[in-house]
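The next block holds one structure in the form of structure tokens; read it before the comments.
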Amino acid sequence: MKFKDTLSGEIREFVPVSEGRVKLFVCGPTVYDHIQLGNARTFVFFDMFAKYLRARGYEVFYLQNITDLDDKILNRAREENRKWSDISDRYLESYLEDSRTLHLDSVSHHARATRYMPEMISQIERLIGKGYAYVSSDGVYFDTSKFPDYGKLSKQKLDQVEAGARVEVRISKRNPQDFVLWKFSDEEPFWDSPWGKGRPGWHIEDTAITEHYLGPEYDVHGGGTDLVFPHHEAEIAQMRAISGLPFLSRYWLHGAFLNFRGEKMSKSTGNIVRVKDLAMEYPGTAIRYFLLNSKYSSELLYNEEVFRASMEGWKRLQRAFLALMSEHSCSEACNIEKDSKDIINLMDEDLDTRETIAKLHVIATEIFRGDLTPSKKRKYAHIYRFANSFLSIFAGEQRSLDKVVESLISLRNEFRERGMYPESDRIRARLREAGINLEDSGKETTWNVTG
RNA sequence: GGAUAGGUGGCAGAGUGGUUAUGCGUGGGACUGCAGAUCCCAUCUAUUAGGGUUCGAAUCCCUACCUAUCCUCCA
């Protein structure tokens, strides 16, 4: 299996540190608002990635942090005149709800930042002890001049970085690129530390959490590309300064943005579509189809027109899936992996979900053409099942034994045979109101559940 | 100013040296009580512009123009 590693800038063959086992860490959300579709793109991609690794036989420990303390959470609390932890609790719950909608069920453990305060303080102590951090007037800072590899991940040369391009340079820092590990503060919320009351900087939570669960070095670290600099750069600096090892993560995997109205979908600019709003109209599997029907390393365009067009493609595949699943269940005789060789080849080549979906469409055409041999049909059923084990874009196997529906269908067909169409149409209309769609093809009537 | 991706048919978006990507849309046909779905055909010899390498370039090289993103809020 290969994928694009940000650190080397190359598509590299993936070899985990321990054979057959993968330690994966992905930066989770800051819980200060509902997540939007751009966030979902990254989370869906890594969910698919973890599931694909498992489908290929790896044992995967997938760790995700939750940033439940941050200036944005504090600001929101102030605006709403509520306790900061009420805000983070509420939006963490919202995130978990959206995760269920989107079938993000591959995470082994969610780690909330504020529960790892001793681990963070321990890391800062060790950094100071080794001379990589210093105490200043308003906080503790990491001294980037002591860590020569700072900038290597993002391929930035420090002397070329425009200091203060977006944020004021603080005079309390030794170098403009130095980042804060601990911010002094007497205002709630604060924690005690050897250097005084305050709260942690943004970057330290991830290394504290990953060191706790995965150790100082692990296999894959993921996130959106906006985190490459400075966040992931800072994580590398922190952990490697402590461990002295050549890597924090062996592979760095970054997902590209979702663009909307000519720019990145982003809360700060207000051009967002919330997952919750989309989920009112479309099932989570369909939203996943839209997000995965793209190359993770390329920007993806969102607008209503493109999304609706994508939904048409999803419906087509969903029908093909139902057609296959209604007739074939996977028995002990299946050889899913062998039948899915083509898909595995596509996926092993830089996680090409888009080509995989294109392949499913080609199969769909063959299925709908309707002249398949039973063995070919079984093979295609295996392929769909295998692809769905990591894409999670199909749901709702046809319940052909649901006797109530079946008997209504046969009643309706009696009416149809006698030409009593007003009666037959009423049955169809009533079932549709109940969310059940009937479709006639010749003498056969099939049905499926919408939503 | 520095860094990273890109610019492909009506739309979205693959393809990294020679073959129909794929989906959506549109038009026509088949099937059908109607609806829906599906199939077939067409749109479809598309590759930002200008040079170069090559028997052959969307693909490699150079130049120009354009777009998105990052340079301490961010998935």
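Letters A, B, ... are given to chains in the order of the sequence lines, protein chains preceding strands, and every chain is numbered from 1. Remember, predicted model here, so these are calculated numbers, not experimental data.
- The residue A:E299 sits close to a base: some heavy atom pair falls under 4.0 Å.
- Listed for the A:S193 side chain is no donor-acceptor partner under 3.5 Å among the backbone atoms of A:G198.
- Computed from coordinates, the A:L300 CG to B:A14 C1' distance equals 14 Å when rounded to whole Å.
- Residue contacts for A:T30: at a heavy-atom cut-off of 4.0 Å it reaches the sugar-phosphate backbone alone, with no base atom in range.
- Looking at A:S249, its side chain does come within 3.5 Å of a backbone N or O of A:H221 through a donor-acceptor pair.
- Between A:E349 and A:K2 there is a salt bridge, with a side-chain nitrogen of the basic residue lying less than 4.0 Å from a carboxylate oxygen of the acidic one.
- In the set B:C24, B:C39, B:C74, B:C39 carries the atom at the smallest distance from any side-chain atom of A:F368.
- Under the ring pair (Phe, Tyr, Trp, His ring centres under 6.0 Å) rule, A:F307 has a single partner from A:Y289, A:W314, A:Y282, which is A:Y282.
- Distance from the side chain of A:Q36 is smallest for B:A75 among the nucleotides B:A75, B:C11, B:A5.
- Each of A:R412 and A:E312 was matched to the nucleotide of RNA chain B holding its nearest heavy atom; the match closer to the 5' end belongs to A:E312.
- Counting any heavy atom pair closer than 4.0 Å across all strands shown, A:R416 reaches a base atom.
- Contact annotation for A:G262: backbone-only contact, meaning every heavy-atom pair under 4.0 Å involves sugar-phosphate atoms and none involves a base.
- Between A:R428 and the phosphate of B:A35, there is no side-chain N or O to OP1/OP2 separation shorter than 4.0 Å.
- If you measure from atom CG of A:N259 to atom C1' of B:A12, you get 13 Å, rounded to the nearest angstrom.
- Using atom C1' as the reference point in both B:G15 and B:U45, the two lie 16 Å apart (nearest Å).
- Among the atoms of the strands shown, base atoms are found under 4.0 Å from some heavy atom of A:D440.
- Counting any heavy atom pair closer than 4.0 Å across all strands shown, A:M265 reaches a base atom.
- Under 3.5 Å, the side chain of A:S310 and the base of B:C24 form no donor-acceptor pair of N or O atoms.
- B:G10 and B:G27: their C1' atoms are spaced 13 Å apart (whole Å).
- In this structure, A:S294 reaches neither bases nor backbone, as no heavy-atom distance under 4.0 Å exists between it and the strands shown.
- Computed from coordinates, the A:R426 CZ to B:A35 P distance equals 21 Å when rounded to whole Å.
- No engagement by A:T225 is indicated, since no non-hydrogen atom pair under 4.0 Å with the nucleic acid exists.
- Taking every heavy atom of both residues into account, A:T269 and A:K264 meet most closely at OG1-O, 4.3 Å.
- Across all strands shown, the partner of B:U26 is B:A42, judged by Watson-Crick or G-U wobble contacts whose two distances both fall under 3.5 Å.
- Nucleotides B:G25 and B:C62 are separated by 41 Å at their P atoms, to the nearest Å.
- For B:G1, the paired base is B:C71 (Watson-Crick or G-U wobble, both distances below 3.5 Å).
- The NZ-P distance, from A:K264 to B:A68, rounds to 13 Å in whole Å.
- Of the side-chain N and O atoms in A:W202, one or more sit less than 4.0 angstrom from OP1 or OP2 of B:C74.
- Nearest to the side chain of A:E355, among B:U69, B:G33, B:A21, sits B:A21.
- Across B:C55 and B:G50, the matching P atoms stand 23 Å from one another, rounded to whole Å.
- At least one donor-acceptor pair under 3.5 Å links the side chain of A:R354 to the backbone N or O of A:N293.
- Within the 4.0 Å cut-off from OP1 or OP2 of B:U38, not a single side-chain nitrogen or oxygen of A:R369 is found.
- Summarising the geometry, the separation between CZ on A:F260 and P on B:A68 is reported as 16 Å, rounded to the nearest angstrom.
- Nucleic acid contact class of A:G223 (heavy atoms, under 4.0 Å, all strands): sugar-phosphate only.
- Relative to the side chain of A:T365, the nucleotides B:G23, B:G15, B:A75 differ in distance, and B:G23 lies closest.
- Between the CZ atom of A:R354 and the P atom of B:G15 there is a distance of 10 Å, rounded to whole Å.
- Here the separation of B:U8 from B:U4, taken at their P atoms, is 22 Å to the nearest Å.
- Looking at which nucleotide of RNA chain B each of A:V180 and A:A364 is closest to, the 5′-most match is held by A:A364.
- One atom, CG of A:D425, and another, C1' of B:G36, lie 12 Å apart when rounded to the nearest Å.
- With a 3.5 Å ceiling on both atom-pair distances, the Watson-Crick or G-U wobble partner of B:G6 is B:C66.
- Nearest nucleotide to the side chain of A:K72, out of B:A75, B:A3, B:C74: B:C74.
- A:E304 has a carboxylate O that lies under 4.0 Å from a charged side-chain N of A:R308, or vice versa, which qualifies the two as a salt bridge.
- Between B:A75 and B:U43, the distance separating the two C1' atoms is 39 Å to the nearest Å.
- As judged by a 4.0 angstrom heavy-atom cut-off over every strand, A:T6 is placed among residues making no nucleic acid contact.
- Considering only side-chain N and O atoms, A:S298 lies under 4.0 angstrom from the phosphate OP1 or OP2 of B:A14.
- In this structure, A:Y384 has its ring center under 6.0 Å from that of A:F394.
- Taking atom P on both nucleotides, B:A46 is separated from B:C74 by 46 Å, rounded to a whole Å.
- Taking atom P in both B:A49 and B:A57, the straight-line distance is 15 Å, to the nearest Å.
- Side-chain atoms of A:E366 never come within 3.5 Å of backbone atoms of A:L372 as a donor-acceptor pair (strictly under, hydrogens ignored).
- In this structure, A:L292 places its CG atom 16 Å from C1' of B:A14, rounding to the nearest Å.
- The aromatic ring of A:Y421 is stacked on the base of B:G33, with the two ring centres less than 5.5 Å apart and the planes inclined by under 30°.
- Residue-level contact check: A:D70 touches neither bases nor backbone, having no heavy atom under 4.0 Å from any strand.
- Pair check for B:C34 finds none; no Watson-Crick or G-U wobble contact set falls under 3.5 Å.
- Side-chain atoms of A:R316 lie closest to B:C39 of the nucleotides B:C39, B:A12, B:A75.
- Residue contacts for A:L317: at a heavy-atom cut-off of 4.0 Å it reaches no nucleic acid atom on any strand shown.
- Residue A:K315 is out of contact with every strand shown, counting any heavy-atom pair closer than 4.0 Å.
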